[in-house]
Asker: 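Okay, handing you the structure first.
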Amino acid sequence: MSELTLADFGISQSLIAHLVLIFVVFQALVLTSAFMVWMERKVCAYIQDREGPNRVGPAGLLQPFADVIKLVFKEDLRPKAADAFLFAIAPIISTATAFAAFSVVPFGGETTLFGLLDQPLRLEVTDVNVAVLVIFAVASMGVYGIVLAGWSSNSKYSLLGGLRSSAQMISYELSYGLALAAVIMLAGSLSLREVVMNQAGTWWGFIPKWYVFLQPVGFFIYMTAGVAETNRAPFDFPEAEQELVAGYHTEYSSMSFALFFMAEYINMVTVSAVATSLYLGGWLGPFASDTIGWVYFMAKVLLILFFYVWMRWTLPRYRYDQLMEFGWKWLLPGAVLNFIATAALIIWLG
Amino acid sequence: MDRIIFYILAGVTVLASLGVVSSKNPMHSVMMLIVSFGALAGLYVLLDAPFTAVTQIIVYAGAIMVLFLFVVMLLNQHKEDDPDVMPAGLRGVNMRAGVLLSLLLAFEVAWGLSRVGVTMFSSDPAAVSSISSVARIGTSLFTTHAFAFEVTSVLILVSMVGAVVIARRER
């Protein structure tokens with residue numbers, strides 16, 4: 001009588017490894033958003049010459065968890081005139097799309113976990129060969145969460161916030177897409193893993209072959225559009241407090257508010273991770289990027305995230321018409337020129 | 001396994017499409033249409049066409065439906081008018097013409113479907129690999145179908161200019 005193994009139930013080792021990987025990535029994203037809340041408050045405090053959260057845990061590190069516990073026990077309010085179903089589903093759409101976008105981002109080379117696995121495991125949830133487009137598609141779905149939240153709340157501030165955000169996201173999506181397209185042309189592939197692999201090596205032995213050096217304009221456009229897509233300051237019009245109370249999530253409370261909050265931070269992480277993969281060489285680093293590549297990856301993502309926070313507490317918010325003018329009259333033509341110039345140079349230089 | 005997923009996705013598509021036409025709240029109709037497009041994209045993935053699936057999401061679910069949503073939100077019409085009262089434009093000759101046209105459409109669809117045969121797709125992994133399909137779609141768009149492609153883009157441009165002309169106020 002032979003012993004029953006997991007394989008007899010159709011469960012292979014790589015399936016388990018993948019499920020564990022998905023779970024780890026999910027938890028890591030949740031923890032990162034908690035960490036980002038802490039970092040935001042801490043950096044903001046130092047910029048404003050304060051201490052910031054310092055009561056819960058060492059250096060206030062456990063503050064986000066205290067906040068979450070507080071939010072869980074708060075009453076979940078819903079305006080009487082709100083569309084119940086859409087009101088409930090809007091924060092879920094926001095969070096789900098935020099998580100989904102990260103699923104195609106590779107964050108390391110292949111690993112066997114020190115020989116634990118028979119087959120090497122690729123450090124990413126799934127390797128889609130149209131990954132760049134998937135991210136773009138999922139990002140464009142994210143707008144529904146905000147728009148629906150604004151509409152279903154049946155409040156003028158929410159509606160205005162939702163309208164502004166959809167207009168803003170549509171306007172900046174074009175520049176975002178064109179910046180992505182220029183990198184796709186350089187790499188000749190739509191797979192993020194291949195884009196990263198194409199950035200291996202150095203010029204003259206010390207400058208890494210990252211696309212940020214080939215696409216400085218594209219990188220700037222991508223980062224600017226990324227800030228607008230994630231509704232962060234200085235482009236945080238959907239929730240401009242002085243004008244719109246809190247914008248699209250004015251009527252939300254308790255955990256549904258926390259979901260929007262989390263979605264915003266996870267979207268930031270995704271935009272930073274994609275920027276790292278497209279422009280900063282992903283998990284590639286000066287040495288041993290096969291084994292500790294994920295450390296390089298996290299360091300680069302963290303740097304961009306810090307830049308985000310730094311910018312938010314340094315720059316004032318623009319006016320709404322300035323934002324639209326900048327998006328359509330400067331950023332989009334710049335992105336088109338960058339795209340055409342890249343195409344021309346690729347053809348000219350072969 | 002593929003068959004089960006197909007029936008689930010096809011069911012969602014059909015149910016969501018029924019929801020689009022039967023829902024009285026225009027906002028719910030828009031959401032149902034997005035669900036329908038999403039399930040349709042899933043069907044494309046089943047057909048080994050991830051590029052088509054993603055484009056479906058970006059163009060239809062992402063871009064066009066946001067514009068729909070915009071219009072519905074700006075009109076802010078929460079409920080449809082009472083359906084029992086026929087609008088004036090739908091009586092008499094117009095009504096009969098509409099009935100005739102829909103009969104014609106039903107006939108055309110039935111005729112078209114009856115002529116569809118089963119086509120076997122190549123199961124060679126190299127042939128269905130999607131990056132090659134992206135390249136192939138691009139090549140055929142700019143060579144074989146270049147004329148149709150350019151005409152379509154001019155058509156879209158014309159409709160855009162037309163919309164601006166109609167929407168512009170006389171000064």
Side-chain angles (χ1 to χ4, degrees), chain A residues 10 81-87 89-90 93 97 100 104 126-148 150-152 154 156 158-171 173-174 176-177 180 184-185 187-191 194 248, chain B residues 1 19 23-42 44-45 48-79 125-126 128-138 142:
Chain A
D83 186 315
F85 178 67
L86 292 180
F87 188 81
I89 208 171
I93 295 177
T97 49
V104 291
T126 169
D127 185 15
V128 191
N129 41 22
V130 287
V132 181
L133 291 176
V134 169
I135 286 171
F136 193 60
V138 175
S140 69
M141 298 304 289
V143 67
Y144 288 116
I146 291 176
V147 174
L148 286 179
W151 183 83
S152 65
N154 209 351
K156 54 182 174 292
S158 303
L159 183 68
L160 282 174
L163 275 176
R164 277 189 179 188
S165 99
S166 50
Q168 172 178 338
M169 282 175 145
I170 294 171
S171 308
E173 230 163 51
L174 293 171
Y176 188 84
L180 286 180
I184 294 170
M185 277 196 303
S189 169
L190 286 169
S191 155
E194 277 175 44
Y248 61 90
Chain B
M1 190 64 188
S23 168
K24 284 197 178 167
N25 186 332
M27 203 69 171
H28 289 174
S29 291
V30 171
M31 293 321 292
M32 283 297 185
L33 200 51
I34 296 168
V35 173
S36 165
F37 283 150
L40 212 56
Y44 290 144
V45 172
D48 270 324
F51 179 70
T52 321
V54 173
T55 335
Q56 161 92 7
I57 296 277
I58 292 176
V59 175
Y60 286 97
I64 292 181
M65 292 321 290
V66 169
L67 293 180
F68 272 49
L69 214 61
F70 230 102
V71 173
V72 172
M73 274 167 72
L74 286 175
L75 292 178
N76 211 9
Q77 187 185 19
H78 285 250
K79 286 270 148 52
V128 295
S129 146
S130 89
I131 188 67
S132 71
S133 90
V134 174
R136 258 193 287 148
I137 290 171
F142 285 104

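This is a predicted model, so every value here is computed, not measured. As a basis for the values below, the full set of heavy atoms in this structure was taken, side chains included, without hydrogen atoms, waters or symmetry mates.
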Asker: Can you name the nearest heavy-atom pair linking B/Met32 to B/Gly19, along with the distance?
Answerer: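 Of all heavy-atom pairs spanning B/Met32 and B/Gly19, the closest is CG-C, 4.0 Å.
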Asker: I need the B/Ile64 CD1 to B/Ile34 CD1 distance, nearest 0.5 Å.
Answerer: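 Here the rounded value is 11.5 Å.
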Asker: For the candidates A/Ile89, A/Val138, A/Leu148, which exhibits the highest count of non-hydrogen atom pairs separated by less than 4.5 Å from chain B?
Answerer: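 Result: the option with the highest number of such pairs is A/Leu148.
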Asker: With a 4.5 angstrom heavy-atom cut-off, which part of A/Ala167 approaches chain B: side chain, backbone, both or neither?
Answerer: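 Backbone plus side chain of A/Ala167, per the 4.5 Å heavy-atom cut-off to chain B.
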Asker: What's the spacing between B/Met65 CE and B/Phe37 CZ if we round to 0.5 Å?
Answerer: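 Between B/Met65 CE and B/Phe37 CZ, I get 6.0 Å after rounding to 0.5 Å.
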Asker: Select one option (side chain, backbone, both, neither) describing which atoms of A/Leu133 are under 4.5 Å from chain B's heavy atoms.
Answerer: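 It is both, since atoms from each part get that close.
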Asker: A/Gly177, A/Ser140, A/Ala137: which one forms the most heavy-atom pairs within less than 4.5 Å of chain B?
Answerer: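 Top count of heavy-atom pairs under 4.5 Å with chain B: A/Ala137.
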Asker: Is it the backbone or the side chain of B/Met31 that comes under 4.5 Å from a heavy atom of chain A, or both, or neither?
Answerer: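 Interface part for B/Met31: side chain.
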Asker: With side chains defined as the heavy atoms from C-beta onward, is the minimum distance between B/Tyr60 and B/Thr55 less than 4.5 Å?
Answerer: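 SC-SC contact between B/Tyr60 and B/Thr55 ruled out.
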Asker: Side chain, backbone, both or neither: which part of A/Val143 has a heavy atom under 4.5 Å from chain B?
Answerer: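 Side chain only.
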Asker: Hey, what do you get for CG (A/Leu190) to CG (A/Leu180), rounding to the nearest 0.5 Å?
Answerer: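 So the gap between those two atoms works out to 10.0 Å.
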